[in-house]
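Here the structure is laid out as structure tokens; the discussion comes afterwards.
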Amino acid sequence: MKLLSVLLLLLFSIPALAKKPVRVVDIGVMGLASHDLFQWNAQTRENEENGRFDLSTIFDYANGTKIYQGGNPKNSSNAAVYSITQNLVSFYAGKKATLLMSRQVTEEQAHIIARQQTVAFFMGMVIESYERFTNARFPNYALAQSVTDDEQGVMRALHDILPGKIYVNRNFSQQQLEVTDFKLAMNQLSPTEMMQYVKFFDGAYDEEYLHVVIPGFPDSRVINLKEIDQNFIAEQTNYNLDSMLRELHFYGKFPFFGNLVEFTSFGYHLESLFAKGICNKYVDGSPNPWNSISIECY
């Protein structure tokens, strides 16, 4: 009887212990989160972003003149990130319009309040997607330090999970959309399309990312995302992409138990990165006025 009770307990516990499936929406949210924390300059070998969640990638790009276009062109690099970006821009525009219609605030005040509300909305998305991505709880502490190349390297290794193709509903039929096709990047995905599952970590980049066409004039160029990530990780960190992918492959084989942060040798960097992202002050000590998360950072 005691053995039967233990078996029943395990049986009913398994669904709670199972790793949550990752969705297309998570690809978009984590991609935009990465853009908000990092903007790598290959010439200077420096990060040009501020390492904090403030949606500067949208609101401060080109001195704030490209907000309604989604800010940094990187935010239109694929349909998942583009869809999240446009949802946030629409959210901001709606909040700002409502404030202006009240005739109780100035244009600048409306912008400030609407941006703060948009960042708070985005942070709710980030917490949910982080927890599905890692199967770990979002950090309940904040760090005041600068983000590091190791942390950026870990985010790059997680490109393992990027889907090469997703399904979309167009013209009354289900079709496959190649995520890396630049002609389809600015495709607004529906809520149903955003909620579809993607293949879990398997230690391999999807084929589409090994020959990504980048439009240009007079000629387009083809890049291999894995090679670019491999070079960055080799040059800027003490890790090796192939070893990281082997760990992710092993991690992905287990449907139950464990989380990415603790299971892998590098996952703790991911937790540190997001703990820095939610810090309510910048590295120079000045306040981050866009952050509504009331956790002291040190």
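One-based numbering along the sequence shown.
K74 NZ: more than 12 foreign heavy atoms inside a 6.0 Å radius. Enclosure of atom OH in Y68 by more than 12 non-hydrogen atoms of other residues, nucleotides or ligands within 6.0 angstrom is indicated.
Side-chain atoms of E48 and N41 include a donor-acceptor pair closer than 3.5 Å. Counted by atom type alone, R170 and N187 present one or more donor-acceptor pairs between their side chains at under 3.5 Å. Between the side chains of N87 and Q188, at least one donor N or O sits under 3.5 Å from an acceptor N or O. Side-chain contact of S286 with D284: a donor-acceptor pair under 3.5 Å is present, judged by distance alone. Inspection of the Q39 and N72 side chains reveals an N or O donor paired with an N or O acceptor under 3.5 Å. Neither side chain, N224 nor Y209, offers a donor N or O lying under 3.5 Å from an acceptor on the other. Judged by distance alone, the side chains of Q116 and S292 never bring a donor and an acceptor atom under 3.5 Å apart. No side-chain donor from either of T65 and N63 sits under 3.5 Å from a side-chain acceptor of the other. Neither side chain, Q175 nor N169, offers a donor N or O lying under 3.5 Å from an acceptor on the other. Between the side chains of T57 and N75, a donor-acceptor pair is found at a separation under 3.5 Å. Side-chain atoms of H249 and D202 form no donor-acceptor pair, as typed in the model, at a separation below 3.5 Å. If you check the side chains of R45 and Q236, you find a donor sitting under 3.5 Å from an acceptor.
Classified by interplanar angle (parallel below 30°, tilted 30° to 60°, perpendicular above 60°), the ring pair Y251/F200 is tilted. Between F53 and F274, the ring planes lie tilted relative to each other; the angle falls in the 30° to 60° range.
F122 pairs with exactly one of I58, D54, V29, I127 by the side-chain contact (heavy atoms from CB on, under 4.5 Å) rule, that one being V29. Of the residues listed (R132, E128, Q196), the one engaging V25 in a side-chain contact (heavy atoms from CB on, under 4.5 Å) is R132, and it is the only one.
Looking at V154 and L273, their side chains never come closer than 4.5 Å, going by heavy atoms from C-beta outward. A heavy-atom distance below 4.5 Å is found between the side chains of M155 and L270. Residues N135 and K20 have side chains in contact (heavy-atom distance under 4.5 Å, counting atoms from C-beta outward).
In this structure, C279 SG and K276 NZ are separated by 10.5 Å, a value rounded to the nearest 0.5 Å. Between L184 atom CG and N78 atom CG the span is 11.0 Å, to the nearest 0.5 Å. Atom CE of M123 sits about 13.5 Å away from atom OG1 of T118, to the nearest 0.5 Å. Taken from CG in N50 to OG in S56, the straight-line distance is 4.0 Å, to the nearest 0.5 Å. Put simply, CD on E178 and NZ on K183 are 8.5 Å apart, with the number rounded to the nearest 0.5 Å. For the atom pair L55 CG and L32 CG, the distance stands at 6.0 Å (nearest 0.5 Å).
A continuous path of Ile, Leu, Val, Met, Phe, Trp and Tyr side chains, each step under 4.5 Å between heavy atoms, connects V222 with F182, placing both in one hydrophobic cluster. A chain of hydrophobic side-chain contacts below 4.5 Å, direct or via other Ile, Leu, Val, Met, Phe, Trp or Tyr residues, connects F250 to L158. Hydrophobic clustering (side-chain heavy atoms under 4.5 Å, transitive across Ile, Leu, Val, Met, Phe, Trp, Tyr) keeps V213 apart from L210. Under the 4.5 Å side-chain heavy-atom criterion for grouping Ile, Leu, Val, Met, Phe, Trp and Tyr, F91 is not connected to M101 through any hydrophobic cluster. At a threshold of 4.5 Å between side-chain heavy atoms, the hydrophobic network of Ile, Leu, Val, Met, Phe, Trp and Tyr places F38 and Y130 in one connected group.
The side-chain tip of K253 does not point at the ring of F263 from less than 6.0 angstrom away and within 45° of straight on. Y282 does not carry R52 over the face of its six-membered ring by the limits of under 6.0 Å from the centre and within 45° of the normal.
A pairwise comparison of heavy atoms in A33 and V126 identifies CB-CG2, 4.4 Å as the closest pair. When all heavy atoms of G153 and F232 are compared, the closest pair comes out as N-CE2, 3.8 Å. Closest heavy-atom contact between M186 and S76: CG-CB, 4.0 Å. Nearest approach of V261 to A136, heavy atoms of both residues: CG2-CB, 4.1 Å. Minimum interatomic distance between L248 and A157 (heavy atoms only, all atoms of both residues): CD1-O, 3.6 Å. Of all heavy-atom pairs between V81 and G31, the closest is CG2-CA, 4.1 Å.
F59 and W290 have their aromatic ring centers separated by at least 6.0 angstrom. Between H35 and Y61, the ring centre distance reaches or exceeds 6.0 Å. For Y141 and Y298, the ring centers are positioned 6.0 Å apart or more. A distance of 6.0 Å or more separates the ring centres of Y92 and F121.
Under a 3.5 Å cut-off, the side chain of N291 and the backbone N or O of I293 do form a donor-acceptor pair. At least one donor-acceptor pair closer than 3.5 Å links the side chain of E131 to the backbone N or O of F138. With Q117 contributing its side chain and A114 its backbone, the two residues share no donor-acceptor pair below 3.5 Å. Proximity of a side-chain donor or acceptor of N140 to a complementary backbone N or O of I295 within less than 3.5 Å is not detected. Not one N or O on the side chain of D160 forms a donor-acceptor pair closer than 3.5 Å with the backbone of Y205. Although no hydrogens or angles enter the test, the distance criterion places no donor-acceptor pair under 3.5 Å between the side chain of K199 and the main chain of P163. Checking side-chain atoms of E262 against main-chain N and O of N259 turns up no donor-acceptor pair under 3.5 Å. Panel note: side chain E151, backbone T148; a donor-acceptor pair is recorded below 3.5 Å. In terms of modelled atom types and a separation under 3.5 Å, the side chain of H269 and the main chain of F266 share no donor-acceptor contact. A donor-acceptor contact shorter than 3.5 Å is absent between the side chain of N280 and the backbone of N288.
Remark: K165 does not engage D181 in a salt bridge, criterion side-chain N to carboxylate O under 4.0 Å.
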(request) Check the pair D242 / Q230 against side chain to side chain donor-acceptor pair (under 3.5 Å), numbers first and verdict last. (result) CA-CA 8 Å; D242 288 335; Q230 201 157 31; 3.3 Å; yes

(message) I'd like to know whether M30 forms a side-chain contact (heavy atoms from CB on, under 4.5 Å) with I161, so could you lay out the CA-CA distance, the side-chain angles of the two residues, the decisive distance to 0.1 Å, and finally the verdict.
(response) CA-CA 11 Å; M30 294 293 278; I161 204 170; over 6 Å; no

(message) Using side-chain contact (heavy atoms from CB on, under 4.5 Å), reason through I223 and I228 one step at a time and then give a plain yes or no.
(response) CA-CA 8 Å; I223 65 168; I228 291 172; 3.8 Å; yes

(request) Output, in order, the C-alpha distance, side-chain angles, deciding distance and verdict of side-chain contact (heavy atoms from CB on, under 4.5 Å) for K96 and L100. (result) CA-CA 6 Å; K96 184 178 177 182; L100 289 174; 4.1 Å; yes

(message) L88 vs M125, test: side-chain contact (heavy atoms from CB on, under 4.5 Å). Steps then yes/no.
(response) CA-CA 11 Å; L88 291 172; M125 300 166 71; 4.2 Å; yes

